[in-house]
Amino acid sequence: MEAYKRWVRRNRDYVHSLESLANGLTWLLPERFSSSEIGPEAGFVKLCITTFLGIITAINGHIIDSTPTNVHANSTETAFPYSLCISALKDLETLVEVVAEHFYGNEKKWNFIAITEATKVLVRLSLFQKNGYKMLLHGGEIPNVENEADASSSQHCNGGFTEPRGHHGPNLQRYPAQNQWNLEGRALSALSRFGENARMVSDPTWLRRIQQQQAIVKPPTPVVERPTLSSILSEKGLHGVLFVIGEVLFITRPFIYVLFIIKYGIRSWIPWFTSFILELLGMGVTSYATRSGDNWEHKQLHVSASEKNELKRRKLLWALYLMRDPFFSKYTRRRLESAQIVLEPVPVIGFVAEKLMELLTGAQTRYTYMSGS
């Protein structure tokens, strides 16, 4: 396994090219949603291949991201590969749905989907806690390390050569001792090279003295303390509580949606409205907790650029409600069929519209394609 990791890290561009080529070749297989006799078997084989390639891609991405020379390696390394686990679960989810539907029927498949969603909820809640209660990016598939990187770089600058100048002010350049650190560093480097070349290792005390002096020059490794739930609640008050509630609602919403489908059925409006209300409520409290204002500036939870993009991505996912039953069966399908009839006489465009309609209709039958989780 270590040999494979080294190979992936040395040939990351080549690995990405192979992954893109393999994913492109899957489109040459028979249609995934074909209604012909060979359709179900060929579609199942294609789905297995796509799932396998997705898991391999996730593993390779995790190997590259966990490279020891990576700048964020110390800050993001945890005992459990959460991002890899979440990516693998998402790739397996569609396969679990298809296999469960084939062997247990359309109604009982939701029990297996609920187990998968519950597993993702547990993993994401654990990641949310381990990550210092920071916003999950792409459901936890992308590490949220921007704030830690800024803190680390700030502490690194304070521990380097810039700190003495900051303490003594610009008048330091008047004195001849301004290059004291550079002269000592050059002298120590020359002595070290001389000792290595002459093999002067008979005096351990001398060697320890040199190593201690060289260690002074190296800045200490910054230690970033992760906030706990109690510290967030005590420092941010109501805004901290609302932020945590908003993230928990975002994490648990898909599981609650599946539970309501099991109870009321996919054709009922109750699961659809319940999921949408939880979506709006979670986004509302998160936006309130992170918005700026003069009266609560000291309590505000500042968000990074990547977290702002994540909030925009979550709002875009609301469009999937147009593709979920019963809204799709009652409204969206009719609009798509009307548009297809209008575009059908147009050359090329009519053919593309027909294939797009077939793709959307087939994808809509799979929960995992439209879940947004």
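Between the side chains of Thr368 and Glu93, no donor-acceptor pair of N or O atoms lies under 3.5 Å. In the model, Ser371 has no side-chain atom that pairs as donor or acceptor with a side-chain atom of Tyr257 under 3.5 Å. Judged by distance alone, the side chains of Ser329 and Arg267 do bring a donor and an acceptor atom under 3.5 Å apart.
For Arg324 and Phe327, the positive end is not near the middle of the six-membered ring at less than 6.0 Å and at most 45° from its axis.
With salt bridges taken as basic N to acidic carboxylate O contacts below 4.0 Å, one links Lys120 and Glu117.
Panel note: side chain Ser275, backbone Pro271; no donor-acceptor pair is recorded below 3.5 Å. Although no hydrogens or angles enter the test, the distance criterion places no donor-acceptor pair under 3.5 Å between the side chain of Gln340 and the main chain of Ala353. Counting only distance, with no hydrogens or angles, the side chain of Tyr133 and the backbone of Gly240 share no donor-acceptor pair below 3.5 Å. Looking only at distances, a side-chain donor or acceptor of Arg334 sits under 3.5 Å from a matching main-chain atom of Lys330. The closest donor-acceptor contact from the side chain of Ser126 to the backbone of Leu122 lies at 3.5 Å or more, if one exists at all. Side chain of Ser287 to backbone of Gly284: no donor-acceptor contact under 3.5 angstrom is found. Looking at Asp325, its side chain never comes within 3.5 Å of a backbone N or O of Ile266 through a donor-acceptor pair.
Counting heavy-atom neighbours within 6.0 Å of Glu337 CD, excluding the residue itself, gives a total above 12. By the 6.0 Å contact criterion, CD1 on Ile349 is open, its count of non-hydrogen atoms from other residues, nucleotides or ligands being 12 or less.
In this pair, Phe243 and Phe128 present their aromatic rings tilted. The plane angle is within the 30 to 60° band.
Atom-to-atom distance recorded for Trp110:CH2 and Ile262:CD1 is 8.5 Å, nearest 0.5 angstrom. Taken to the nearest 0.5 Å, the CD atom of Glu279 stands 10.0 Å off from the CG atom of Leu249.
When every heavy atom of Thr286 is checked against every heavy atom of Leu311, the shortest pair comes out as CG2-CD2, 3.9 Å. When all heavy atoms are compared, the tightest approach of Gly139 to Glu310 is N-OE2, 4.4 Å. Closest approach of Ser306 to Asn144, counting heavy atoms only: OG-OD1, 4.3 Å. Of all non-hydrogen atoms in Arg314 and Leu136, the two that sit nearest each other are NH2-O, 3.1 Å. The two residues Glu97 and Ile113 come nearest to each other via the heavy atoms CG-CD1, 3.8 Å. Ser304 approaches Glu307 most closely through the heavy-atom pair N-OE1, 3.0 Å.
The side-chain heavy atoms of Tyr367 and Val258, taken from C-beta on, include a pair separated by under 4.5 Å. Using a 4.5 Å heavy-atom cutoff, the side chains of Leu127 and Ile86 are in contact. At a threshold of 4.5 Å between non-hydrogen side-chain atoms, the residues Tyr288 and His239 count as touching.
Applying the ring pair (Phe, Tyr, Trp, His ring centres under 6.0 Å) test to Trp269 and every residue at least two apart in sequence or in another chain returns Trp272, Phe273.
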